[in-house]
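To start, the structure under review is shown below, and the notes come after it.
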Number of protein chains: 2
Amino acid sequence: MSVSDQPMRVLRPEKTLRELALEKMRDAIVNMHFRAGERLVERDLCDQLGVSRTIVREVLRHLESEGLVAIQPNRGPIVAETTPEEARQIYEIRGVLEGIAAKACAAQKDPRVVAELERILGGIRASYAANELPAVLSATTDFYRTLFENSGRHVAWGIVNSITARINHLRSMTIKTPDRDKQGPAQMQKIIDAIKAGDGQAAYEAANVHVKNAATIAEALLAEQQGPRSG
Amino acid sequence: MSVSDQPMRVLRPEKTLRELALEKMRDAIVNMHFRAGERLVERDLCDQLGVSRTIVREVLRHLESEGLVAIQPNRGPIVAETTPEEARQIYEIRGVLEGIAAKACAAQKDPRVVAELERILGGIRASYAANELPAVLSATTDFYRTLFENSGRHVAWGIVNSITARINHLRSMTIKTPDRDKQGPAQMQKIIDAIKAGDGQAAYEAANVHVKNAATIAEALLAEQQGPRSG
DNA sequence: CCGCATATTATGGGATACCATAATATCAGC
DNA sequence: GCTGATATTATGGTATCCCATAATATGCGG
């Protein structure tokens with residue numbers, strides 16, 4: 001039930017402090033204002049967000065449930081650390097869920113979906129050209145949201161959106177690697193082409209290739225970071 | 001890092017009130033003490049749980065993030081309702097994630113996994129025979145946890161566990177339907193056989209069949225419930 | 001200088017209070 | 001009996017407070 005379903009509905013004029021604070025905190029974590037492993041001291045967050053401890057504690061519970069925050073007994077909350085193994089698992093889950101969404105879009109044969117995906121991909125290319133990397137991430141999210149929502153999979157989208165937040169630091173790195181500005185959009189074009197052709201299997205595989213490539217790049221970057229520690 | 005990894009570690013003697021309350025609330029929702037759509041009035045929950053509103057509010061945030069509770073603006077929290085469409089999406093997600101876990105177990109060729117699965121399945125059969133349906137649900141959860149944990153997929157298990165909680169009311173119904181006490185375990189036996197044979201594809205498909213059958217039964221039950229409303 | 005004991009501070013756990021507003025109840029007029 | 005106005009209650013939003021305990025700082029003796 002959306003606004004278009006209920007055009008008469010009176011819309012709420014504003015969000016609660018808690019909702020606003022949650023958005024701020026989530027953005028701060030995903031965009032690495034707070035780094036993995038960093039302590040989140042309740043009183044400090046009160047000062048930074050300008051709200052009471054009640055709000056901060058409720059926000060921390062929400063983020064804990066999302067996996068973005070971990071509570072250390074007798075130490076308090078920290079920004080959750082995603083291990084390379086967890087990152088690998090997250091990429092795998094994304095691969096299969098995104099593949100299914102792409103496949104379903106191919107089965108629909110809806111030219112509007114193709115048009116929308118091409119519009120978004122054009123924006124991704126433009127953002128790469130302008131070196132606006134945050135916009136690249138945001139538009140990539142839009143690309144996949146379009147696949148999920150147009151195939152009626154908002155539960156899966158909720159999952160993908162949530163687990164992707166946990167590896168946003170990796171996404172920030174993978175989009176910067178050499179040639180990713182060409183390979184990434186090319187892979188997404190393949191997804192669009194398969195959807196346009198109504199080829200579900202090709203759409204599924206193209207989506208998987210895109211995610212697997214990102215996973216491979218991320219794994220290499222993590223290995224670099226752990227150079228002295230890994231054999 | 002577990003107890004066996006760190007045998008010297010001093011274990012925390014107890015959980016916080018919030019953790020205990022969260023478990024109670026989650027169990028009460030999943031086991032339908034609170035029904036879908038039912039209002040969760042904060043002060044009432046304080047009385048029922050014997051804790052302050054701070055605890056109750058934090059618990060509600062956690063459950064909201066898990067999708068078990070929905071907040072209605074100016075109306076407060078209610079037990080989230082899972083629509084038939086959402087249930088369908090949840091079964092689909094489970095199908096692919098459980099399939100992948102089963103396939104990975106088949107690739108491992110670990111006889112201990114097979115033994116553990118057979119032990120759990122024996123318990124499911126015994127619980128059916130004794131008509132202990134809550135035990136059937138619990139053991140089925142153990143069966144799938146075994147698949148995920150033995151294939152190193154705790155992120156996916158977290159997701160499956162969480163979304164399955166949202167359709168526990170349907171699970172309670174599907175396990176009761178005629179012949180499910182035979183078909184369910186038979187389908188799980190097929191999963192085990194495929195894992196024992198090291199046949200990943202067969203394991204994947206067997207897991208899918210098990211979930212798809214459950215989804216079909218749930219869909220029929222939902223249609224029955226909505227009889228007067230659907231053509 | 002190091003180790004141990006003690007003091008102090010930081011901070012999470014949990015409770016309570018107050019306010020504003022939406023929801024509900026009540027009453028009066030037609 | 002219905003409708004509109006008003007009063008009352010319910011309840012979520014938010015802030016503040018207190019306590020206990022873990023962490024950290026400090027001091028003293030060997």
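The model shown is predicted, which means the values in this text are computed figures rather than measured ones. Chain letters run A, B, ... following the sequence lines, proteins first, then strands; residues in each count from 1.
- Rounded to whole Å, atom C1' of C:dG12 lies 12 Å from atom CD of B:Glu19.
- Recorded end-axis angle for the helix from C:dC1-D:dG30 to C:dC30-D:dG1 stands at 0°, based on five pairs per end and rounded to 10 degrees.
- The side chain to side chain contact (heavy atoms under 4.5 Å, CB included) test applied to A:Ala139 returns A:Ile120, A:Ile124, not counting sequence neighbours.
- Both A:Ser52 and B:Arg43 sit near DNA chain D, but only B:Arg43 has its closest nucleotide nearer the 5' end.
- Within the 4.0 angstrom heavy-atom criterion, only backbone atoms of the sugar-phosphate kind lie near A:Arg18; the bases stay farther away.
- In the region residues 54-63 of chain A, proximity to DNA chain C at under 4.0 angstrom, judged on heavy atoms, holds for A:Arg57, A:Arg61.
- Put simply, the residue from B:Glu58, B:Glu19, B:Glu64 that forms a salt bridge (Lys or Arg N to Asp or Glu O under 4.0 Å) with A:Arg61 is B:Glu58.
- Taking CG of A:Asn168 as the start and CE of A:Met173 as the end, the distance is 10.5 Å to the nearest 0.5 Å.
- Using a 4.0 Å cut-off between charged nitrogen and carboxylate oxygen, A:Glu85 and A:Arg88 count as a salt-bridge pair.
- A salt bridge is defined here as a Lys NZ or Arg NE, NH1 or NH2 lying under 4.0 Å from an Asp or Glu carboxylate O, and B:Lys24 with B:Asp27 fails to meet this definition.
- Between A:Glu42 and A:Arg57 there is a salt bridge, with a side-chain nitrogen of the basic residue lying less than 4.0 Å from a carboxylate oxygen of the acidic one.
- For the pair B:Leu17 CG and C:dG14 P, the computed distance is 4 Å after rounding to whole Å.
- Of all nucleotides in DNA chain D having an atom under 4.0 Å from a heavy atom of chain A, the first and last in 5' to 3' order are D:dG13 to D:dA23.
- Not counting sequence neighbours, A:Arg35 has no partner by the side chain to side chain donor-acceptor pair (under 3.5 Å) test.
- Here CD1 of B:Ile217 is found 11.5 Å from CD of B:Glu219. Values are rounded to the nearest 0.5 Å.
- Applying the side chain to side chain contact (heavy atoms under 4.5 Å, CB included) test to A:Ala135 and every residue at least two apart in sequence or in another chain returns A:Ser127, A:Glu132.
- Using cut-offs of 30° and 60° on the angle between ring planes, the pair A:His210 and A:Tyr144 is parallel.
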